[in-house]
Amino acid sequence: MFLICLSRPSAPLSAQDSTLPLKSGSVRFAVIGDMGTGDPPQYQIAQRMLEFHQKFPFTFAIMLGDNIYGGKTPADLQKKFEIPYKPLLDAGVQFYASLGNHDDTNERFYKFFNMNGQQYYSFKKGNVHFFALDSDYLDPKQLVWLEKELANAGTDWKICFFHHPLYSSGAFHGSSTELRTILEPLFLKYGVQVVFAGHEHVYERLKPQKGIYYFTEGASGELRYGNLRKTDLTAAGYDKDRSFLTVEISGDDLSFQAISRTGVTVDSGSFHRPGAEQHAP
Amino acid sequence: MIQREGRNGARRVNSHRFLPAACVLILLAGAAAAQTPALSKQPPGFGDFTQRVQQYMKLRNALPNQRTTKIPAKIVDRRQSLAEAIREARPAAKQGDIFTPETSEAFLKVIRGTLRGSNAANVRKTIRQGEPVAGVHLTVNGAYPEHLPRTTVPPTLLLRLPRLPDKLAYRIVGHDFVLQDTEARLVVDLIPGALP
């Protein structure tokens, strides 16, 4: 049993207004996906992230794949990553990448992506375990690795991130049903609470599926304007412009705020960790 | 922060520690694709595929590996040097060296079986979602073009195929089934027209 406390502002907030609680000792991060175009919208989102960082000093960002579209020359890596995010890198923000279908597996050797040479890996921040998966190549070896990692993660928050959304209302790709067949049983067995994915070039927050919260953030550079269909899956969505997501986890509470390129807060809210005890009001 | 390694690290754990994971994987594979020999390194019928891959890896392991760096040019330089060294080490490499006729038959049987089985709609959807590019002509020892998406290989297909060392991967490019050296971005071998 878990409490959902969602709120959506009736009037748009500017990016300078954080709805996040900024609690002491919390885990704070940004979420971006499908961003590596090197085009102006990517730079504008990066700028918006920098502005938001002043108010909500997130310490790291997770990348949901398609980090570098098209060419993979040194100039491409600079144009599509180092230059737009340089101010954030200079501010000490670390980026943790997962690979999308447009990425080169050699990106895992790029130190700024913190993949340590691995196509899939895990890391821990505070009471949160993160698992970066390679959903383009989910071979038996990766599945065995994932199960071992999840089993060893204990009772903390478990967050998986990868490129293909298991649930999506996007009209272009939709849900990755085959991946869901393979991954969802593991997520349920080991108590994964939150999953972030990209691939669909929109923002979407899904209604919890079998108790798991799913977010799609695939519009931090690319965009498929108006591509979200009306389905029963969607709790909130935004397909009118690029966006990024920010998240704060404090104890058993997770708060989130999705922000558009123009600085409008397009979704926000919070929820209690599924399976955790409720706090007294 | 604790960071744990993935692909390579998994090899260093004793096999008995994987037993629960292995059981679940078998169940998963069973649910997703009946009669899938999920954990065998090489399912029966693939001839000497694994030995041929191992021969390639002998050559490959003698060459320098990629290393993590903050300098993109180093990654690209190493990739190009590696590809060049592989080409020099197997100058006569040709289609069918690894995917021999016998092996190709086994791959075709599994690929086409997966694409016709009860899960076929989901498998085809996975391939489509990976945005496979058609009309690209790949050759053995040739580069896997930079702009080409990695494509998504259906996981239920991967469960039925022989496992590969970390530096190799199966790819689907148009109708072709490709064995790729991922660090060198090089086509090691391919089965043209494997996917209907």
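By convention in this document, chain letters (A, B, ...) are assigned in the order of the sequence lines, proteins followed by strands, and residues within each chain are numbered from 1.
Between atom CZ of residue B:Arg150 and atom CD of residue A:Gln119 there is a gap of 6.0 Å, rounded to the nearest 0.5 Å. Taking CZ from A:Arg180 and OG1 from B:Thr126, the interatomic distance works out to 11.0 Å, rounded to the nearest 0.5 Å. The structure places CD of B:Glu131 at 5.0 Å from CG of A:Asn101, a figure rounded to the nearest 0.5 Å. Atoms CD1 and CG, from B:Ile75 and A:Asp104 in turn, are 8.5 Å apart once rounded to the nearest 0.5 Å. From A:Gln118, atom CD reaches atom CG of B:Asp166 across 8.0 Å, with rounding to the nearest 0.5 Å. Expressed to the nearest 0.5 Å, how far OG1 of B:Thr69 lies from OH of A:Tyr110 amounts to 9.5 Å.
Of the two parts of A:Glu82, only the side chain, counted from C-beta on, holds a non-hydrogen atom closer than 4.5 Å to a non-hydrogen atom of chain B. The contact between B:Lys70 and chain A is made by backbone and side chain atoms together, counting heavy-atom distances below 4.5 Å. With a 4.5 Å cut-off on non-hydrogen atoms, B:Arg67 touches chain A through its backbone but not through its side chain. When heavy atoms are compared at a cutoff of 4.5 Å, B:Val76 approaches chain A solely by way of its side chain, counted from C-beta outward. Neither the backbone nor the side chain of B:Tyr144 has a heavy atom closer than 4.5 Å to any heavy atom of chain A. Heavy atoms closer than 4.5 Å to chain B are found in the side chain of A:His164, but not in its backbone.
Contact check for A:Glu178 versus B:Thr152: no side-chain heavy atoms found under the 4.5 Å cut-off. B:Glu183 is not listed as a side-chain neighbour of A:Thr105, based on a closest heavy-atom distance of 4.5 Å or more. Between B:Gln66 and A:Arg108, the closest side-chain pair of non-hydrogen atoms is not below 4.5 Å. Between B:Arg171 and A:Tyr137 the shortest side-chain heavy-atom distance falls below 4.5 Å.
Under a 3.5 Å cut-off, the side chain of A:His199 and the backbone N or O of B:Gln129 do form a donor-acceptor pair.
Of the N and O atoms on the side chains of B:Asn122 and A:Thr177, at least one donor lies less than 3.5 Å from an acceptor on the other residue.
Crowding of B:Arg112 atom CZ: a count of heavy atoms from other residues, nucleotides or ligands under 6.0 Å exceeding 12.
Highest contact tally toward chain B, considering only A:Leu99, A:Leu150, A:Asp66, is held by A:Leu99 [criterion: heavy-atom pairs under 4.5 Å].
In terms of heavy atoms, A:Gly117 sits closest to B:Thr68 at N-CG2, 3.7 Å. Among all heavy-atom pairs drawn from A:Ser175 and B:Lys125, the shortest one is O-NZ, 2.8 Å.
A:Glu184 pairs by the side chain to side chain donor-acceptor pair (under 3.5 Å) definition with A:Tyr167, A:Lys210, not counting sequence neighbours.
Scanning residues 67-80 of chain A against chain B with a 4.5 Å heavy-atom cutoff picks out A:Gly70, A:Gly71, A:Lys72, A:Thr73, A:Pro74, A:Leu77, ordered by number.
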